[in-house]
Trainee: 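Below: one structure in structure tokens.
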Amino acid sequence: MNKTSPLILVDGSSFLYRAFHALPSLTNSRGEPTGAIYGVAGMLRKLMGEYQPRDMAVIFDARGKTFRNALYAQYKAQRPPMPDELAAQIPPLHELIQVMGIPVLVVGGVEADDVIATLTHQARQAQMAVIIATGDKDLAQLVGPDVTLVDTMNGTVLDEAGVEKKFGVPPAGIVDYLTLMGDTSDNIPGVNKVGPKTAVKWLKAYGSLDEIMARADEIKGKVGDNLRAALAWLPRSRALVTVRRDVALDRGPGDLQVQETDRARLRELLTRLEFHSWLAELEEDESAPTATEARYDILMDPEQLDQWIDRLTEAPLFALDTETTSLDDMQARLVGLSFSVSPHEAAYLPLAHDYADAPAQLPLDATLEKLRPLLEDPNRPKLGHHLKYDRNVLLNHGIELQGITHDTMLASYVLNSTAGRHDMDSLAQRYLGVKTTRYEDVAGKGARQIPFSQVQLDKAAPYAAEDADITLQLHRRIWPQLQSLKEQRQIYDTLEMPLVPVLSRMERAGVQVDPELLFTQSHELAERMHQIEQEAHGLAGCTFNLGSPKQIQDILFQRQQLPVIRKTPKGQPSTAEDVLEQLALDYPLPRLILAHRGLSKLKSTYTDTLPERINRETGRVHTSYHQAVTSTGRLSSSGPNLQNIPIRTPEGRRIRQAFIAPQGRQILAADYSQIELRIMAHLSGDPGLLQAFADGQDIHRTTAAEVFQVEAEAVTTQQRRAAKAINFGLIYGMSAFGLARQLGIDRSGAQDYVDRYFARYPGVKAYMDGTRTQAREQGYVDTLFGRRLYLPEIRARNAQVRAQAERLAINAPMQGTAADIIKRAMLAVDEWIQTTSPGVTMIMQVHDELVFEVDTHQVAAARERITALMCGAAELDVPLLVDVGVGENWDAAHGQDTGY
DNA sequence: GCCCACCCGTAC
DNA sequence: GACGTACGGGTGGGCC
């Protein structure tokens, strides 16, 4: 095995053309074209970040004729000359690459491919591995045991097996394969009518081009004739597509070390080219303080590890952080662990760094066994940042992290949910005033990101150790603040921290989803969408994309001159649902667009996507619950978002039918009835509202009876609908204008409703006014349990900004209190499950609903107990009611009483 | 070619 | 402009 990192050879010319055609129009302010430079340089930076090569070169074609022109005058003869906009970019590009420290090679009389082939050949003789970066598949002929091809534009990597898979022939057959097909872009003739399929078929049958030519008589039909006609020129074509490995070069593979970037010249060049984002990165890089007084250990041998385990065991609290292969909790494998017990001191324990030359590390499994007693001891307090993730990762290795006591992400969130993001880098900046090394600084980002396991230890260790160190420092800064605020500390200690393992369990449990059912639905949706599309194109008199709001605007409001009902915040005519709904009364096309949109939404977001989210190992779908995202205290869900699965339409509800219970189990869904309105009743203390809930009335009907001054029995469907809109509007801090729009009535009518509502429920009016006043005076509002939401904009000069803050002030206490209550319920239910009921699994939370999977024979007991625990999660002045349903799937479990 | 803002729509 | 909290898909423009 070779011990050095691979030599990277970049086919500069192939990338140059590609970049030029991808970004033909980029210029700087002086009109000089820069797109190709930008594209190639970006590709090179990506390569550098990914491979961090010691040896690398970028090879370009030289101007003028090559030996191939001598061999065949028509070679590339049909090619138009290089456009000026491209030619102009070559000198600055060469300069830029040199300034980056990368050797540039331009050799006359041959092509870049020949130089690459020669260097590859020489490198192999010197036992060096080679990676060739090219967008051109001709070089597949060079692939071998230690020679691979990468296409950085699309991320594909071709080794020997990859070449065979892609082309159907091994690298040794590529020349023959290309010869048979010919190359129209280079004007190399092959065999007429022979494409990839025939070429592969013949090569499989005869073994080589020589053999095919020798036995050309055996091939029947028109292609046989074509082959025999081609015999005359095929040898020459073969010579043209064969790359030369014997070019005389003044530099060998040993002379291609990457040099340090010349920062001053780079800055100058980037300024001239006006590559602002790169320039900004460069400058940020330079301004970042590099020196740190921190002392970070790398634990590479058992003695060092034991020493640290002793320190951790003795510490009253230690910070812990994992480094992994993936951001996806369920997929991630451990790469290393870091620890800290005092500020500016930390250790990184690498366990699975895996790159050429990676030093030997302590063995993963045995080391984890050594750490297990410490990590699983509930009496050894742990501190982390977003520990739910670390708990999940460790569970992937069979370790159950216990003693999760402090989490800086959650502390920051409880302290002030809207102060900014709660990721570690933001907190370090906000609370400590330091810029930390970001993940992308060591592993790259976007397409150029590499797994942490491939990050070199000398970069990985300081980064990882710093995370544990910073977490500890953050805790020491944030915790005293939180501790001094009694109610918020309570939220943190008794709600958010205990919820961490509960959410972790729910995520890992996942939910079973039936892919077949969703596939069937996808097909049906596709068919109906297609029909609608045809019809819509017919009506419009042209084809257009029904999924493009922009094109719809054009068709409806330009071509068809439909009236503009409303504009989007950016001033475009809106094509939102209610707008199209209104237009649909008078015109046919909007109706079709609406129908298409509805189906398209279901298909792309749900029926197509959910099956892809099924985990291969578990066969189930695992969401992530985010505990520090919303301003109000709610959870959010992503990957997939299970909190917005359709329910309102029959079409949508079919998707819930795919959320199923396995054999022998049932889905049990329990949701709080009208929880936010009940909280409004409690918080406002309005006697009428309290009474209505105490009497168990249908609250919307009661509201309608009061507002429209009729008997409850006489309330019409329309009236109840209006009352429901009023009730929801109240929770959202809605104005009369908003209500009018919602109900499609005029403003004064809506104002009438609101006035009558407040006259009948004066306590609610007083509560709303009081909340606004309180918000203005103290700068925040809070929930029943003391969770705070700061509203700095409540005193804004701008009326619109202020109004927005006021609506938040109204909504947050109700939404937040509901969030607090269901979190309390989750803790209680989880406690019950963990201690006595392993036949019950809590699998989802949807704001006012908890979903369980229950062993069938335990359904009756679970139903009773879960109801009791949820109802008892808070003592309000109104009853808390819970509706429970049970079924084979999530849809069936809604409002179904199956008699258990 | 990649990234991101925008629009829209789903949930509670 | 006017109803709170989220997530995510598709489109299309920007990148310089």
Side-chain angles (χ1 to χ4, degrees), chain A residues 18-19 21-23 25-35 37-39 42-43 46 135 152-155 270 273-279 445-448 545-553 566-570 572 574-577 579-580 594 597-598 600-606 608-609 623-624 626 629-649 652 655 671-672 675-676 725 728-742 747 799-800 803-804 807-812 814-816 818-819 822 845-849:
Chain A
R18 256 227 252 171
H21 289 112
L23 304 155
S25 57
L26 294 194
T27 61
N28 64 14
S29 58
R30 290 184 300 284
E32 295 157 359
T34 55
I37 304 176
Y38 185 75
M43 190 276 300
K46 181 157 113 183
T152 41
M153 295 284 185
N154 53 34
L270 295 181
L273 293 164
E274 297 171 11
F275 289 178
H276 299 298
S277 60
W278 187 354
L279 201 56
K445 69 165 179 168
R448 67 189 81 173
N545 183 347
L546 275 136
S548 166
K550 197 171 168 301
Q551 292 183 33
I552 290 174
Q553 276 165 24
R566 184 156 45 89
K567 292 194 171 180
T568 68
K570 270 200 94 191
Q572 296 299 308
S574 171
T575 66
E577 189 197 21
V579 171
L580 295 187
L594 281 170
R597 251 192 212 161
S600 156
K601 171 77 179 177
L602 290 178
K603 183 169 185 296
S604 63
T605 311
Y606 303 108
D608 284 350
T609 313
T623 189
S624 289
H626 308 289
V629 169
T630 71
S631 56
T632 55
R634 272 189 181 179
L635 298 176
S636 77
S637 154
S638 70
N641 181 359
L642 295 185
Q643 294 181 321
N644 70 348
I645 303 298
I647 191 170
R648 290 174 189 177
T649 64
I655 291 161
D671 66 283
Y672 284 111
I675 189 166
E676 291 187 9
F728 278 106
L730 287 165
I731 293 169
Y732 299 148
M734 186 168 61
S735 63
F737 180 95
L739 182 63
R741 203 180 74 157
Q742 175 78 18
R747 212 198 119 114
Q800 200 177 319
Q804 162 88 15
R807 288 195 296 273
L808 252 158
I810 298 296
N811 175 256
M814 292 183 270
Q815 191 181 116
I822 198 165
Q845 191 255 39
V846 193
H847 308 309
D848 68 352
E849 174 184 12

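Per chain, numbering begins at 1; letters A, B, ... match sequence-line order.
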Trainee: Would you say A:Thr630 and A:Leu635 make side-chain contact, with heavy atoms under 4.5 Å?
Mentor: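 In short, these two side chains do not touch, never coming nearer than 4.5 Å.
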Trainee: State which of C:dC7, C:dG4, C:dC3 makes the closest approach to the side chain of A:Val629.
Mentor: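 Of C:dC7, C:dG4, C:dC3, C:dC7 is nearest to the side chain of A:Val629.
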Trainee: Examine C:dG9: is either OP1 or OP2 under 4.0 Å from a nitrogen or oxygen in the side chain of A:Ser600? Give yes or no.
Mentor: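 Indeed not, no polar side-chain atom of A:Ser600 lies that close.
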Trainee: Just how far, in rounded Å, is C1' of C:dC15 from CE of A:Met43?
Mentor: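 In whole Å, C:dC15 C1' lies 17 Å from A:Met43 CE.
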Trainee: Kindly point out which of C:dT5, B:dG1, C:dT11 is positioned nearest to the side chain of A:Ser548?
Mentor: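 Of the candidates, C:dT11 comes closest.
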Trainee: Do A:Arg597 and A:Thr575 get their side chains close enough for a donor-acceptor pair, meaning under 3.5 Å?
Mentor: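 A:Arg597 vs A:Thr575: donor-acceptor pair found between side chains.
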Trainee: Using whole Å, report how far CD of A:Gln845 lies from C1' of C:dT5.
Mentor: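 Whole-Å distance recorded here is 12 Å.
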Trainee: Can you name the salt bridge (Lys or Arg N to Asp or Glu O under 4.0 Å) partners of A:Lys601, sequence neighbours left out?
Mentor: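 Not a single residue meets the salt bridge (Lys or Arg N to Asp or Glu O under 4.0 Å) criterion with A:Lys601.
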Trainee: Heavy atoms under 4.0 Å, any strand shown: does A:Thr27 hit a base, just sugar-phosphate, or nothing?
Mentor: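 The answer is base, as A:Thr27 lies within the cut-off (heavy atoms under 4.0 Å) of a base atom.
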Trainee: To the nearest Å, how far apart are A:Arg741 CZ and C:dG1 P?
Mentor: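 A:Arg741 atom CZ is separated from C:dG1 atom P by 11 Å.
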Trainee: Can you check whether A:Ser636 has a side-chain N or O nearer than 4.0 Å to OP1 or OP2 of C:dC7?
Mentor: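 Yes.
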Trainee: Is a salt bridge present between A:Glu274 and A:Arg30, judged by a nitrogen-to-oxygen distance below 4.0 Å?
Mentor: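 Yes, A:Glu274 and A:Arg30 are salt-bridged.
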Trainee: Summarise how protein sits on nucleotides 6-12 of chain B as a single string, 5' to 3': B when a protein heavy atom is under 4.0 Å from the base, S for sugar-phosphate-only contact, - for no contact.
Mentor: SSSBBSB
Trainee: Without decimals, in angstroms, what is the distance between A:Ile37 CD1 and B:dG1 P?
Mentor: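 Computing the A:Ile37:CD1 to B:dG1:P distance gives 19 Å.
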Trainee: Given the C1' atoms of C:dC3 and B:dC4, what is the spacing between them in whole Å?
Mentor: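 Taking atom C1' in both C:dC3 and B:dC4, they lie 27 Å apart.
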Trainee: Without decimals, in angstroms, what is the distance between A:Gln800 CD and C:dC3 P?
Mentor: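 Answer to the nearest Å: 11 Å.
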Trainee: Counting side-chain heavy atoms from C-beta on, which of C:dG8, C:dG4, C:dG9 comes nearest to A:Ser604?
Mentor: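 The listed nucleotide nearest to A:Ser604's side chain is C:dG9.
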Trainee: Would you kindly give the CD1-to-P distance between A:Ile655 and C:dC7, to the nearest whole Å?
Mentor: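 That distance rounds to 20 Å.
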Trainee: Please determine if a side-chain N or O atom of A:Ser631 lies less than 4.0 Å away from the OP1 or OP2 oxygen of C:dG4.
Mentor: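 A:Ser631 to C:dG4 OP1/OP2: no side-chain N or O under 4.0 Å.
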Trainee: Tell me whether the side-chain N/O atoms of A:Gln551 come closer than 4.0 Å to OP1 or OP2 in C:dG10.
Mentor: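 No.
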Trainee: How would you label the contact of A:Leu273 with the nucleic acid (heavy atoms, under 4.0 Å): base, sugar-phosphate, or nothing?
Mentor: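 Sugar-phosphate contact only - A:Leu273 comes under 4.0 Å of backbone atoms but never of a base.
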Trainee: Looking only at non-hydrogen atoms, find the nearest pair between A:Tyr606 and A:Asn644 and report the distance.
Mentor: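 Closest approach of A:Tyr606 to A:Asn644: OH-O, 2.6 Å.
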Trainee: Output the rounded distance in Å from CZ (A:Arg30) to P (C:dC16).
Mentor: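 Answer to the nearest Å: 14 Å.
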Trainee: Does A:Gly42 reach a base, just sugar-phosphate, or nothing at all? Heavy atoms under 4.0 Å.
Mentor: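 No contact at all - A:Gly42 keeps every heavy atom at 4.0 Å or more from the nucleic acid.
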Trainee: Within the 4.5 Å heavy-atom criterion, are A:Gln643 and A:Arg634 side-chain neighbours or not?
Mentor: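 Sidechains of A:Arg634 and A:Gln643: no contact.
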Trainee: Look at the side chain of A:Leu26 and decide which nucleotide, out of C:dG9, C:dC15, C:dT5, has an atom nearest to it.
Mentor: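 Side chain of A:Leu26 sits closest to C:dC15.
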Trainee: Whole-Å distance between C:dG4 P and A:Leu808 CG?
Mentor: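 Taking CG of A:Leu808 and P of C:dG4, I get 7 Å after rounding.
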Trainee: Do any side-chain nitrogens or oxygens of A:Ser29 fall under 4.0 Å of OP1 or OP2 in C:dC16?
Mentor: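 So the side-chain polar atoms of A:Ser29 never come under 4.0 Å of the phosphate oxygens OP1 or OP2 of C:dC16.
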Trainee: Closer than 3.5 angstrom, by distance alone: can the side chain of A:Thr34 be matched with the main-chain N or O of A:Ile37 as a donor-acceptor pair?
Mentor: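 No.
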Trainee: Hey, does A:Ser637 have a side-chain heavy atom less than 4.5 Å from the side chain of A:His626?
Mentor: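 A side-chain contact is absent here, since even the closest heavy-atom pair is not under 4.5 Å.
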